[in-house]
Amino acid sequence: MKLVLTKAVPTLGPIGTLVDVADGYARNYLVPHGFAVAASKAAVTTVEERLRSKVRHEAEVIAEAETLAKLLESKALTIAAKSGGNGKLFGTVTNIHVAEAIAVAFSVEIDRHKIEVPDNIKSLGSYPVEIKLAKNIIAKTTLKVVAATG
């Protein structure tokens, strides 16, 4: 039976592949689980349109991520934290604090799980921060931890 794959199947191929499989395999597994549809011009066209749409969407996401990376790298982040006389903080600066600082400085919400800070920032100073925005796009910026006034 000829089918068009609507999802990638490791043993058969990527999305949009035209495959010829046993009738039982098609009727009992591939079609009921949504991995494939019967091969027709309409099915092939639909799958190709979905692929083009997915590629276009991924290109838009990458373009937005590159723009955001340039914005984040253009300016250092500053976080004011309470500290003692010796420069030690009363607590730790975490990726949550960095996400909040980005939201205030750039008006952009970034998931805290995508922000990599050095382990345990417990003193004043400058630290490198990496922000994973999209596949293979990482913004590198500097985090300045300064003493809070007041």
message: Nearest 0.5 angstrom please: K114 NZ to N95 CG, how far?
response: 13.0 Å

field: Counterpart residues, salt bridge (Lys or Arg N to Asp or Glu O under 4.0 Å), relative to K75 (two or more places apart)
entry: none

query: Okay, side chain of N86, backbone of K88: is any donor-acceptor separation there less than 3.5 Å?
result: yes

With a 3.5 Å cut-off and sequence neighbours excluded, list the donor-acceptor pairs that the side chains of residues 11-35 form with protein atoms.
from, atom 1, to, atom 2, distance (Å)
T17, OG1, P14, O, 2.7
D20, OD1, M1, N, 3.2
D23, OD1, M1, N, 3.3
N28, ND2, G24, O, 3.1
H33, ND1, Y29, O, 2.9

message: The criterion is side-chain contact (heavy atoms from CB on, under 4.5 Å); which residues satisfy it with E58, sequence neighbours excluded?
response: K54

- prompt: So how far is it from I96 CD1 to R112 CZ, rounded to the nearest 0.5 Å?
  reply: 4.5 Å

query: Just by modelled atom types, is the K140 backbone N or O under 3.5 Å from a matching donor or acceptor in the E73 side chain?
result: yes

- request: Kindly compute the distance separating NZ (K122) from CG (N120), expressed to the nearest 0.5 Å.
  value: 5.0 Å

Compile the donor-acceptor pairs under 3.5 Å between side chains in residues 36-51 and protein atoms, sequence neighbours left out, one pair per line.
from, atom 1, to, atom 2, distance (Å)
S40, OG, A43, N, 3.2
T45, OG1, K41, O, 2.7
T46, OG1, A42, O, 2.8

query: Excluding sequence neighbours, so at least two apart, what forms side-chain hydrogen bond (donor to acceptor under 3.5 Å, both in side chains) with E100?
result: none

- request: Report the hydrophobic cluster partners of L143, with the cluster defined as I, L, V, M, F, W, Y residues connected by side-chain heavy atoms closer than 4.5 angstrom, directly or transitively.
  value: I62, L68, L71, L72, L77, I79, L89, V93, V98, I102, F106, V108, I110, I115, V117, I121, L124, Y127, V129, I131, L133, I137, V145

query: What closest approach, in Å, do A65 and A134 show between heavy atoms, and which atom pair accounts for it?
result: CB-CB, 3.7 Å

